[in-house]
Amino acid sequence: ERREVDAKGYWRYTIALTSTSGPSLTRLPNRISVLSRSREQPIAVGAGITGKARLSPPSGPALPGLNDFAFSAYFDGIGATGFFYSAPKALPTQAETTDEAGWLEAAGSGLYALRSAIAERIRSVIGGDAGAFAASIITDERRAISSETMEALRVSGLAHIVAISGLNMALASGIFFVGMRMVFSLFPGFSQRYPVKKISAFAALLMTFAYYLISGFAVSAERAWLMMSIMLAAVLVNRPSISLRNVALAAIVIIAVSPHEIMGPSFQMSFAATLALVAAYSFWSRWRGNRERLFIARPPLWMVASSKASAVIGGVVITSLIGGVSTAIYSIEHFHRITTYGLAANLAAMPVMSIIVMPSALIAMLLMPFGLDAPFLKLMGYGMAMVIDIANTVSSWGGDATIGRQHSWFLGVSTIGFLLLTLLRTHLALLGLPLILAGLVLVPLEQNRAKPDLLIYEDGVLVAFRTDQFVATTKRQAKGFVFDQWARAVPLPDKHVTPVMVDDSKAGEREDTASPTARRPAVLTDQQKQEARDKMILAFERTNGFSCQKNAWCAGRHESGVKVAVISNTALTGTACDVADIVVTSRFVPFSNCRSGAMLISATTLRKTGSLELWLNEAGAPVATARAAMQDVARPWSIHRAYDWRSKTSDGEVPPHIETMLAAGQ
């Protein structure tokens, strides 16, 4: 149904699943997202596709309070994610399947095929990160942008340009609308006879809709399209185009069509910026009207000149400042970071976007059907390269402050204050300031709370000790998607202590040799178990670090004295229970408790609780308190966690010792 290339040339396919074999799934996902790591010729949108793949349910939060990827995947209709073991092959689409597909599905496939073709055309003409960046602001295909450039855009506060949002849509619509009126002005007779302003608004309305159709239907693009459509429609009926009513109408439509989007950062940040800008414009219009009424005669010439000169500069500065401040609440809540040099980056990048990038993009898209788009795409690419240079320069200054997770009341209190400040038109709006300040007070209070000592990802493989000085993990190459979320949310210290391999001869076999893997457990003799036991005991003598044996176990002792063993070979689970205080298994074991009294956190338990964070004791029970990422698996997007395919029953209950541990942390 969809395909998108990333910066490495790998293709990610969204596939409507019709059947599986080896095994044949009894509960077939309707749609899956699968990555192909081979740089093969991509399979066309709408074609059949087959291949051997590994599939897993969408992952849950990396830690309590973080983003639940299963939530968005559920509403996107994605039932599983994974990767192909080798290059997939194309299959001929069966005629009967095509006939059964509705016109809406056929139209959707056609639009995504067109979107993919446009993105490939842009990337091929411009090339590099500039081409990938240019394709993203037109088609919203972002995966092709390198991770280095994306990080520079985030740190510099320019990441909002990547998504198709109000900025892109407003520039495209505004440039088209103004351009149409300029063309009509060349024909005075026609302009005097017909309402060229409304004709231009209607043409811009059609252009905006076409932009939305090739944008991938992201919520930011949907919100921007609705806002621009309402504004242009207001011109057609002689109503004010910029008003809070238009913002409200756009919000009502999105909530009615896809109410789950209100929980995501895209909805919250895009509407926060739009609401703040419209409210500021409304306040400025009222203030300007009151100021002008103070002058009975014409204002002085110096005042008119200064007003015109400051309009352009002040407009860019104030718009960037309002946009950055209004979205800071949601950046802190969802991404646990804030950019301190975002204003400087936006002041430098916005003129490039307004004068070079978007006009060139608009002309290129209009000329693309005729094959005359290359010169304008090249010009657009130069502008994109300038924006990337600005991002790299500003990001080199630093300024990316990690804030960490926030108090559960932070978002609600701050949002209520923000709404009061922007929606009320009288002095009552000032009531929002104390609430915003109260939300900001919660930031340092949450940062001063005790940090967890032990972090366990839901796969039971990645486990980390945290101290104030460093973090020690069970993986040599731990830094990745999950670890980066931990680092921003907790936050973690910069120093990373890698595990020590017990068998040095095997240490260089794989890049990730230090992590327990998902290989089938080997059958061990009593002598081998005893050797593993002795090595674990020896590993516990090392404080705040893990020692690992490939495909078998990792063991370490926290500074509190608590000994933790992470087991990938289930034959060693009983051995680990005898010598460790906490045992984590990445594979299924037929029991939920250790006879020795050690705390067992099995793969079955982690499936129900999700990722865990634990505060350890220096004496007594090893765990003082704990929190789980999945407090309730009865939700539609997480109910699969309670299902046991072996017994074909659902059971969301966790072992009593885990329930007691979690209850202490509530």
Check for a donor-acceptor pair, side chain of [X] on one end and backbone N or O of [Y] on the other, with a separation under 3.5 Å.
| X | Y | result |
| --- | --- | --- |
| E333 | Q406 | no |
| T604 | F588 | no |
| D651 | E653 | yes |
| S270 | S266 | yes |
| Q268 | I262 | yes |
| T474 | P499 | no |
| T139 | S136 | no |
| S116 | A119 | no |
| T609 | A628 | no |
| T473 | A464 | no |

Crowding at CG, N30 (>12 non-hydrogen neighbours, <6.0 Å): no
Rounded distance (nearest 0.5 Å) linking atom [atom1] of [X] with atom [atom2] of [Y]:
| X | Y | atom1 | atom2 | value |
| --- | --- | --- | --- | --- |
| S59 | D68 | OG | CG | 8.0 Å |
| L153 | R142 | CG | CZ | 11.5 Å |
| C594 | M599 | SG | CE | 10.0 Å |
| S215 | M169 | OG | CE | 5.5 Å |
| D526 | T575 | CG | OG1 | 9.0 Å |
| D129 | S147 | CG | OG | 9.0 Å |

I need the minimum non-hydrogen distance between [X] and [Y], along with the two atoms involved.
| X | Y | value |
| --- | --- | --- |
| L600 | S592 | CD2-C, 3.7 Å |
| R123 | G131 | CG-O, 3.8 Å |
| L226 | A250 | CD1-O, 3.8 Å |
| N168 | I161 | ND2-O, 3.5 Å |
| R115 | I214 | CG-O, 3.4 Å |
| A256 | P259 | O-CD, 4.2 Å |

Any [X] side-chain heavy atom under 4.5 Å of [Y] side chain:
| X | Y | answer |
| --- | --- | --- |
| W486 | L63 | yes |
| R154 | F335 | no |
| D581 | L616 | no |
| C577 | R595 | no |
| L492 | F483 | yes |
| S650 | I639 | no |
| Q549 | N569 | no |
| W615 | R627 | yes |

Please verify the inter-ring angle class for [X] with [Y]; under 30° counts as parallel, over 60° as perpendicular, anything in between as tilted.
| X | Y | value |
| --- | --- | --- |
| F75 | W637 | tilted |
| Y13 | F84 | perpendicular |
| W225 | F209 | tilted |

ring-ring contact (aromatic ring centres under 6.0 Å, His included) assessment of H260 paired with Y74: CA-CA 10 Å; H260 66 282; Y74 173 80; 8.9 Å; no
Test log, rule side-chain contact (heavy atoms from CB on, under 4.5 Å), inputs I43 and W11: CA-CA 9 Å; I43 296 175; W11 287 89; over 6 Å; no
Audit row: M536, I567, side-chain contact (heavy atoms from CB on, under 4.5 Å) steps and yes/no: CA-CA 11 Å; M536 288 185 197; I567 305 300; 3.9 Å; yes
Verdict with supporting geometry, V584 and L612, side-chain contact (heavy atoms from CB on, under 4.5 Å): CA-CA 11 Å; V584 182; L612 294 170; over 6 Å; no
Carboxylate-amine/guanidinium contact E141 R2, below 4.0 Å: no
Derivation and outcome, side-chain hydrogen bond (donor to acceptor under 3.5 Å, both in side chains), residues T149 and S146: CA-CA 5 Å; T149 297; S146 68; 3.1 Å; yes
Residues R143, V5; criterion side-chain contact (heavy atoms from CB on, under 4.5 Å); working and verdict: CA-CA 6 Å; R143 296 183 187 274; V5 69; over 6 Å; no
For F69, all residues meeting ring-ring contact (aromatic ring centres under 6.0 Å, His included), sequence neighbours excluded: F481
F83 vs Y85, ring-ring contact (aromatic ring centres under 6.0 Å, His included): CA-CA, chis, key distance, verdict: CA-CA 6 Å; F83 57 89; Y85 283 103; 5.5 Å; yes
Residue among R641, R607, K608 satisfying side-chain hydrogen bond (donor to acceptor under 3.5 Å, both in side chains) with E458: R641
Pairs where residues 5-34 contributes a residue and the test salt bridge (Lys or Arg N to Asp or Glu O under 4.0 Å) is met, not counting sequence neighbours: E1-R31
